[in-house]
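Within every chain, numbering begins at 1; the chains are lettered A, B, ... in the order of the sequence lines, protein sequences first and strands thereafter.
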Amino acid sequence: MSETRAIIYWLRRDLRLADHPGLAAAAASGRPVVPVFIHDESVAALGAAPAFRLGLGLERFGATLGDMGSRLILRRGSAPAVLQALIAETGAGAVWWTREYTPQAITRDSALKTALQQAGIEARSFGGALLFEPWTVETGAGGFYKVYTPFWRAVSQREVSAPDPAPARVRPPEAWPGSEALSDWGLGAPMRRGAAVVATHQAPGEAAALERLDRFIATGIGQYDACRDLPAGDGTSTLSDALSLGEIGPRTLWHRAGEAAHKGAQGAETFLKQLVWRDFAYHLMYHTPHLLSENWRPGWEVFPWATDPADPGFVAWTRGRTGVPLVDAAMREMYVTGRMHNRARMIAASYLTKHLMVHWKLGMDWFADCLTDWDPAANAMGWQWVAGCGPDAAPYFRIFNPETQAKKFDPKGRYRNHWIAEGQAEPPRAALSYFDAVPRSWNLRPDASYPPPIMALDQGRRRALSAYASAFSQGSDGKLA
DNA sequence: TGGCGGTTCCA
DNA sequence: GGAACCGCC
């Protein structure tokens, strides 16, 4: 006798219908499906911007499910307790979900799987969040990759199964269990001032993400090589926030970019490499979870990072008042829009960890609070890469000079002028919006004068280099894994 | 997915 | 005098 009891489909960071193997399987089973999102500890730990963005995503995805006769049930609590209660209320016989790969999620989900199975409930997890499961990519010696280029070579020729189409129907249960109201969760309340800007810059939801992808494939990807490094332009896909919530799946991007590459689109290969960087970050996090919280390379404990959040350099950096225009523009863009251009991220991160010698974890935590596309694996990898203590890291002496970078990538100052009001007779609206978004306690005014550099660039560079030299003078040079 | 200061070599 | 290149940080 085949199973007919309902499936509880636990949604986490996979708020989409298409390219969603677990949901496709649940829909295809013909069994009733109870989609649920749980406001658990992991949601409570989100920073302001990602929480705000999650709220928008949940609203959209709930509406999408509603349009097809289903629902998104919202519950607050620890996942095992919530799921247990839902099983009791609905008589469901299964809990299915898409795998996540943070160490906390793996611990939580494997314990849950055991508990459910002991209770006679089917527990099933699916792929779909990544192109390649982390345990399926191995070096010739049977280890995991620590350098990107070999990782790329190992996976770039692989077959990636075609994305599942969106299910036409997800069978509802006979009776719906109760749901909490999204508005009661208060997601995004701290983003109230910047919120309107974020919402207008980036429409949430799967349909909007697919539209952005269509536009990017049609007109953007051909220019990607030439334009992706210009922070003032729109040369990037702007899909990172959707990707971080799973509003769009990586296989969809892989196949669409692959088709574009096949048609000879310049830049498609570069875009695919960027997409695979995301998988590489998850690969590293899976195999070495300390990537998230500690210097990935041993020996870096001795490096004299500043670790006090009250450090004046760190405070100036967070407030976009370092006196380095490209860095400040980047920090302000992020504070107002929840987004920061990729090249600007590298420059801002390099400036913080090298010129200001502030610990990458402080910078990463600030990003975690400010970025709507927040992704722990990608950010930990990126910050450690910039700081020099990460896998495949830039050698310690690779220090971005914000002025040189500005000459190369913002030659006319468009990006800097777009975000920095001080000193402009008629500042653009975006630059002014920063002063509406920041807390009053920061005491910033657009008509104040722009600050002089808090640290001379050549002095900061030399200080960082000599700190590295003395920290690693004993032979443990921090460059070896 | 660097920057810097040096040298060479040509205008 | 400056682009191009190189070795080192």
Quick one: what's the B/S/- string for nucleotides 2-7 of chain B, heavy-atom cutoff under 4.0 Å, read 5' to 3'? BBS---
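Counting non-hydrogen atoms under 4.0 angstrom, A:E403 reaches nothing in the nucleic acid.
Of the N and O atoms on the side chains of A:Y415 and A:E333, at least one donor lies less than 3.5 Å from an acceptor on the other residue. For the residue pair A:Q405 and A:Y351, no side-chain donor N or O sits within less than 3.5 Å of a side-chain acceptor on the partner.
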Each nucleotide N or O in nucleotides 1-5 of chain C that has a protein N or O under 3.5 Å away: list the pair and distance.
none

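Ring pair A:Y434/A:W419: centre-to-centre distance not below 6.0 Å. Taking the centre of each ring, A:Y335 and A:W442 come in below the 6.0 Å mark.
Rounded to whole Å, atom P of B:dT1 lies 16 Å from atom NZ of A:K354. One atom, NE2 of A:H341, and another, P of B:dT1, lie 16 Å apart when rounded to the nearest Å.
A:H283 and A:F280 have parallel rings, their planes meeting at less than 30° on a 0 to 90° scale where 60° marks the start of perpendicular.
A cation-pi contact, defined as under 6.0 Å to the ring centre and within 45° of the axis, is absent between A:R256 and A:W254.
Residue pairs satisfying the ring pair (Phe, Tyr, Trp, His ring centres under 6.0 Å) criterion with at least one member in residues 225-252 of chain A, sequence neighbours excluded, are absent.
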Step by step, work out the side chain to side chain donor-acceptor pair (under 3.5 Å) result for A:Y101 and A:E133. CA-CA 10 Å; A:Y101 304 90; A:E133 295 293 350; 2.6 Å; yes
